Amino acid sequence: MISDSAEQSHVDTPEASDVWWKSAVVYQVYPRSFQDSNGDGIGDVRGILQRVDYLAELGVDVVWLSPIYRSPQDDNGYDISDYQDIDPTFGTLEDVDELIEALHERGIKLVMDLVVNHTSDEHPWFAESRSSVDNPKRDWYWWRPAREGMEPGTPGAEPTNWGSVFSGPAWEYDETTGEYYLHLFSRKQPDLNWENPEVRQAVYAMMRWWLDRRIDGFRMDVINLISKHVRPDGSLPDVPAEDGLYGSAFAATVNGPRLHEFLQEIHREVYEGRRDGLLLVGETPGATVEDGKLLTDPARHELDMVFTFEHVSLDHGPAGRFDVVPLDLRDLKATLGRWQTGLEQAGWNALYWNNHDQPRVVSRYGDDGAYRRESAMMLAIVLHLHRGTPYVYQGEELGMTNAYFTSLDEYRDIESLRFAASERQRGQLNDEELLSWLAAGSRDNARTPMQWDATPQAGFTTGQPWIDVNPHHDTINAAAEVADPDSVFHLYRRLIALRHEDPVVQRGDFHLLLPDDPHIYAFTRTWGDEQLLVLGNFSGTEQTVPVGPDWDQAALVIGNYPASPATGGGQIVLRAWEGLVLRRAPIR
Ligand code: NOJ
């Protein structure tokens, strides 16, 4: 039987309880795939302007825009060549000013993505840095000679054995000066050297420039990689080699010794003394709960919240993100539960299932076949009822599914294409296996165009889209969802409204129930004398949940089936993929 004590203390500090983002929901726009306004097949800022009323109807408080800065687009804008200009693909600075205005008029904030672990190799800083060993900007990036005794430019001669996230070595040999530069991502994304104070000041000046333009904050890309584990003599350590010559560079680059110092400096130099209402959220692969606590404790003045990767890595097999294995719900509950309790005294969670790097959650942790609507809604209910700030990725509110591409030609993502090329070279997967790995794990699953309507290109473009539209847009699209009061869209709208209004949702203590149940996700949220019970059935079969008599008379707050579930006698029978929230008050 489920029982829960209401005696837990309320852990909000007075300082933290007033922050606006505890009752806010963020919506991520991936501009390239959101709305095209000029028929070139690529989404743009004027396209987003056409859809601001849709965002207002959904009720979100903040829009986070993936990068639109000037960029060669090697990694779809995560390779920036000018931080203070907009890529012509997406529009102009004037368009962005108009977008800021249009969003602010509707009470929506705008948060920009900021990629400062690395720049593009076409950024003028890097052009200078690579030009000669004594250029004043040489030390703005990580340059190193070949390994001692090795012929520069030959395999294994790289300064360390670090592998890039996008396959292959993380060092590129540059003939101009006969040295290597570091790139944790593609070779067109050289890593900035944050040890150099001039680099940091240049980044801060640029951030201030954007805030002066009235944006409302930043989502900081792989921000916990900016401090490398550099030895006192300036050398960099090797890592355990996993795959022949190279190993994951993460161990040597994640949460480095100066990370907290740098983040506190950002806060001081950029945020301190500014207007209220700004947001600073960090993407932190590899961060543990302990790291999360340090990074988001308001007293430490680092970040407001961070994106953990732990709960979106639980279906990764031994070979990583493309090697997808079934999720064990017990792991998901344990992982999210750890972050909930870990950050309850100080700090704050960013809650998400999807973003532009993750396969669609309904295809991943739900059932995108017979129970697509139900499972998309159940997943939304479970996530949004946790303590933290929920993030909705474009199309998630429609229950959009994975792309299920069947040929390599359909893929655009650099990580997927590089993985395919390196696997082909290794020859361990046959073509069929390779395609099925990509179909399950590729980032392109999230990047197919937003499905606005049932017309041939889903209302996304009048031209040829840069990546194919998901064929399901004939049935899964915003026009149909908005028109149907029982749709996934309206469930999201109601969840967002609930977060705005309900102090239990915003602040209530979290308590995980039934940790060992393989099908049911269950927890309570408690605030004052009110308590919510959240249940999610992660299976396609009926499940009887022993919740105890306290909940027999409880009111249904929100659910994903039109009729209330069967309750009574201390138990609730959940239908396939059912998700619901019950409220009881007062409790003693
Ligand atoms: C994380 C971003 O979300 C991803 O899309 C990008 O490829 C890498 N960082 C490199 O910037």
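Computation of the quantities below employed the complete heavy-atom set of this structure, encompassing side-chain atoms and omitting hydrogens, waters and symmetry-equivalent molecules. Order of appearance sets the numbers: ligands from 1, and atoms from 1 within every ligand. Note that the coordinates shown come from a computational prediction; the quantities given were computed from them, not determined experimentally.
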When you check ligand 1 against the protein, what N or O pairs turn up below 3.5 Å? List the atom names and distances, or just say none.
{"residue": "ligand 1", "atom": "3 (O)", "partner": "Arg219", "partner atom": "NH2", "Å": "3.2"}
{"residue": "ligand 1", "atom": "3 (O)", "partner": "His356", "partner atom": "NE2", "Å": "2.8"}
{"residue": "ligand 1", "atom": "3 (O)", "partner": "Asp357", "partner atom": "OD2", "Å": "2.5"}
{"residue": "ligand 1", "atom": "5 (O)", "partner": "His356", "partner atom": "NE2", "Å": "3.0"}
{"residue": "ligand 1", "atom": "5 (O)", "partner": "Asp357", "partner atom": "OD1", "Å": "2.8"}
{"residue": "ligand 1", "atom": "5 (O)", "partner": "Asp357", "partner atom": "OD2", "Å": "3.4"}
{"residue": "ligand 1", "atom": "5 (O)", "partner": "Arg443", "partner atom": "NH1", "Å": "3.3"}
{"residue": "ligand 1", "atom": "7 (O)", "partner": "Asp75", "partner atom": "OD1", "Å": "3.4"}
{"residue": "ligand 1", "atom": "7 (O)", "partner": "Asp75", "partner atom": "OD2", "Å": "2.5"}
{"residue": "ligand 1", "atom": "7 (O)", "partner": "Arg443", "partner atom": "NH1", "Å": "2.9"}
{"residue": "ligand 1", "atom": "9 (N)", "partner": "Asp221", "partner atom": "OD1", "Å": "3.0"}
{"residue": "ligand 1", "atom": "9 (N)", "partner": "Asp221", "partner atom": "OD2", "Å": "3.0"}
{"residue": "ligand 1", "atom": "11 (O)", "partner": "His118", "partner atom": "NE2", "Å": "2.9"}
{"residue": "ligand 1", "atom": "11 (O)", "partner": "Asp221", "partner atom": "OD2", "Å": "2.7"}

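Checking Gln358 against Trp353 by side-chain atom types alone, no donor-acceptor pair falls below 3.5 Å. Residues Asn117 and Asp191 have side chains that bring a donor and an acceptor to within less than 3.5 angstrom of each other.
Remark: Asn255 pairs with Asn224, Leu259, Asp291 by the side chain to side chain contact (heavy atoms under 4.5 Å, CB included) rule, at least two apart or across chains.
Across Tyr180 and Gly153, no two heavy atoms sit closer than the pair OH-N, 2.7 Å.
Residue-environment remark: CZ (Arg187) stays at or below the threshold of 12 foreign heavy atoms within 6.0 Å.
A donor-acceptor pair under 3.5 Å is absent between the side-chain atoms of Asp75 and the main chain of Ser186, judged by distance alone.
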